[in-house]
Trainee: 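I'd like to ask some things about the structure below.
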There are 2 protein chains.
Amino acid sequence: MRSEKNNEKSFNMELFFAALADNTRLRLLNLMQDTEVCVCYFVEVIGTNQPKISRHLAYLRKAGIVAARRDGIWAHYRIMMPKNEHAARVLRDIQEWLKTDKVMQKDRIQLAKVCCAPQPPVSIQGAPRPQIAMG
Amino acid sequence: MRSEKNNEKSFNMELFFAALADNTRLRLLNLMQDTEVCVCYFVEVIGTNQPKISRHLAYLRKAGIVAARRDGIWAHYRIMMPKNEHAARVLRDIQEWLKTDKVMQKDRIQLAKVCCAPQPPVSIQGAPRPQIAMG
DNA sequence: TTAAGACATACGCTTAAACGTATATGCAAA
DNA sequence: TTTGCATATACGTTTAAGCGTATGTCTTAA
C-alpha cells in the first residue's frame, strides 16, 4: 500500500486490509479473540523479539483495529470493533475464520498454557494474567 | 507482506488481504460486481495506462480472487469466489461494502456510461459490451 | 506473411514495509 | 534519585510493491 493520510471522513479500506495482510498481525488478533492480552504474552507465544511485536501492535492501532490500555509498566491490547459497520462485519468474519485455523488454535492453546502455568517462564514471571485464555 | 509460497493445503490469508490492500484493485473488484468486464473498460474507467491495470489484475488472479477468460484479442475478468468459505464470506461483505462507497458508485456509473454510449471513446470502439453494467 | 491491435510481462527506478539491534521513555521499587 | 523492568520508538539494512516505459505474445484482418 502506498502512504496516504487516514482521512477522518471516509474509512481507509487500504490501511484496514494492509493491517490484515501480515501473518504476525493475524496471530496477534487471534490471541486477542476473547480478552485483552498483555504485550509480554504476545512476545512469549509468538516467540520473537519485543520490538517486532510492539511495531505490529502499533500498526494495528493506527489502522483502528486494536486499542491499548496502560496499567503501570504493563500494556494490554484488545480488539476494537471499527465504527464502520462493514469493517466491523469483516473483522468479525475474520475472527471466526481464525478460530478454524490449526496454527491459530495452537497459538491460543499456547497462550492458555503460558498464562495458567503454575510456574510461568522466567521471562514473564509476575505478568498480569488475562481472565480468559480461550473461547 | 513478505513473499511466501502459496501453499495448496491452507488458504493464504496474507496474500488474500494483501490483494485487497490497494485502491486500484478495490476499484477493479468494484467494477466486476455484476458481470465480467473487458480489460479495455478498466483502462478507460480507472483512467490509467494499460500495463498498470494488467498488473493489478494479475495480482488478483494470483490471489485467487478473479478469473480471466480469453475471447480472441479480448480478455474478460470476473470475480471468482474462493473455495474457502471464510474468504468467500469476507469477499461478499466487501462487495456490499464497495456498493455503499461514493467513489465506487461513481466508477460503476462511469462504466455504464462508457459501455452504453452510442459513440464510445475512440480508445475502446468495437470493444465487447458487458451484458450488465450496474446492479 | 505482414500489419495492427489487445493484453501481458520485462526492466529499472522509487518508496516503504519488515526486520534486528540499539536506545529512549515511563513506571516502580529500593 | 537511582536502578530495573516493560514497552515504544529510532536507525540502518534488506526486500518487495508499485510505477511508467518498453517490449513480447497472441490473434485477427489484410
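Numbers restart at 1 for each chain; the letters A, B, ... are given by sequence-line order, proteins then strands. This structure is a prediction, so every number in the text was calculated from the model and none was measured.
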Trainee: Whole angstrom is fine here: how far is it from NE2 in B/His76 over to C1' in C/dA8?
Mentor: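 Result: 16 Å.
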Trainee: Looking at A/Lys52, is its backbone amide N or carbonyl O close enough to the side chain of A/Asn49 to form a donor-acceptor pair, meaning the two atoms are under 3.5 Å apart?
Mentor: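 Yes; judged by distance alone, with no hydrogens or angles, the pair exists.
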Trainee: Could you tell me whether the side chain of A/Gln50 has a donor or acceptor atom within less than 3.5 Å of a complementary atom in the base of D/dA8?
Mentor: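 Yes, a donor-acceptor pair under 3.5 Å.
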Trainee: Rounded to the nearest Å, what distance is computed from the CZ atom of residue A/Arg70 to the P atom of nucleotide C/dT25?
Mentor: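 Rounding to the nearest Å, CZ of A/Arg70 and P of C/dT25 are 14 Å apart.
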Trainee: Grab the CZ-P distance between A/Arg55 and C/dT23 for me, whole Å please.
Mentor: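 Rounded to the whole Å, the gap is 16 Å.
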Trainee: To the nearest Å, how far apart are A/Arg69 CZ and C/dG26 P?
Mentor: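 So the two atoms are 19 Å apart, to the nearest Å.
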Trainee: To the nearest Å, how far apart are B/Glu44 CD and C/dC7 C1'?
Mentor: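 Taking atom C1' of C/dC7 as the reference, CD of B/Glu44 is at 16 Å.
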Trainee: For the residue pair A/Arg25 and A/Tyr59, would you count it as a cation-pi contact if the rule is NZ or CZ under 6.0 angstrom from the ring centre and within 45 degrees of the ring axis?
Mentor: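 Judged by the rule (NZ or CZ under 6.0 Å from the ring centre, within 45° of its axis), A/Arg25 counts as positioned above A/Tyr59.
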Trainee: From D/dT7, C/dA8, C/dT9, pick the nucleotide closest to the side chain of B/Ala75?
Mentor: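 Looking only at heavy atoms from C-beta outward on B/Ala75, the closest nucleotide is C/dA8.
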Trainee: State whether A/Arg25 places a side-chain N or O below 4.0 Å from either non-bridging phosphate oxygen (OP1 or OP2) of C/dA18.
Mentor: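 Checking A/Arg25 against C/dA18: at least one side-chain N or O falls below 4.0 Å of OP1 or OP2.
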Trainee: Among D/dC19, D/dT7, C/dG20, which nucleotide has an atom closest to any side-chain atom of A/Thr48?
Mentor: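 Of the candidates, C/dG20 comes closest.
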Trainee: Roughly, in whole Å, what's the span from NZ in B/Lys52 to P in D/dA22?
Mentor: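 Answer to the nearest Å: 18 Å.
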Trainee: Parallel under 30°, tilted from 30 to 60°, perpendicular over 60°: which one fits the rings of B/Trp97 and A/His86?
Mentor: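 The rings of B/Trp97 and A/His86 lie parallel, inter-plane angle below 30°.
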Trainee: Give the rounded distance in Å between these two atoms: CG of B/Leu60 and P of C/dA8.
Mentor: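 Rounded to the whole Å, the gap is 12 Å.
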Trainee: Heavy atoms from C-beta onward define the side chain here; which of C/dA6, C/dT9, D/dG20 lies closest to that of B/Ser54?
Mentor: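 Shortest atom-to-atom distance from the side chain points to C/dT9.
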Trainee: If every non-hydrogen atom of B/Phe16 is compared with every non-hydrogen atom of B/Val90, which pair is closest and at what distance?
Mentor: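 Of all heavy-atom pairs spanning B/Phe16 and B/Val90, the closest is CE2-CG1, 4.0 Å.
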Trainee: Quick check on C/dC19: is either OP1 or OP2 less than 4.0 Å from any side-chain nitrogen or oxygen of A/His56?
Mentor: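 Affirmative; the distance criterion is met.
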Trainee: Which heavy atom in A/Val39 sits nearest to a heavy atom in A/Ile53, and how many Å separate them?
Mentor: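 Answer, listing the atom of A/Val39 first, then A/Ile53: CG1-CG2, 4.3 Å.
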Trainee: Under 4.0 Å between a side-chain N/O of B/Tyr77 and OP1 or OP2 of C/dA8, yes or no?
Mentor: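 For C/dA8, OP1 or OP2 has a side-chain N or O of B/Tyr77 closer than 4.0 Å.
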Trainee: Taking the nucleotide of DNA chain D with the nearest heavy atom to each, does B/Pro51 or B/Tyr59 sit closer to the 5' end?
Mentor: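 In this pair, the answer is B/Tyr59.
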Trainee: Rounded to the nearest angstrom, tell me the gap between atom CD1 in B/Ile53 and atom C1' in C/dT9.
Mentor: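 Roughly 15 Å, once rounded to whole Å.
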Trainee: I want to verify a distance call: between D/dT27, D/dA8, C/dC7, whose nearest atom is closest to the B/Ile73 side chain?
Mentor: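 Among the listed nucleotides, the one closest to the side chain of B/Ile73 is D/dT27.
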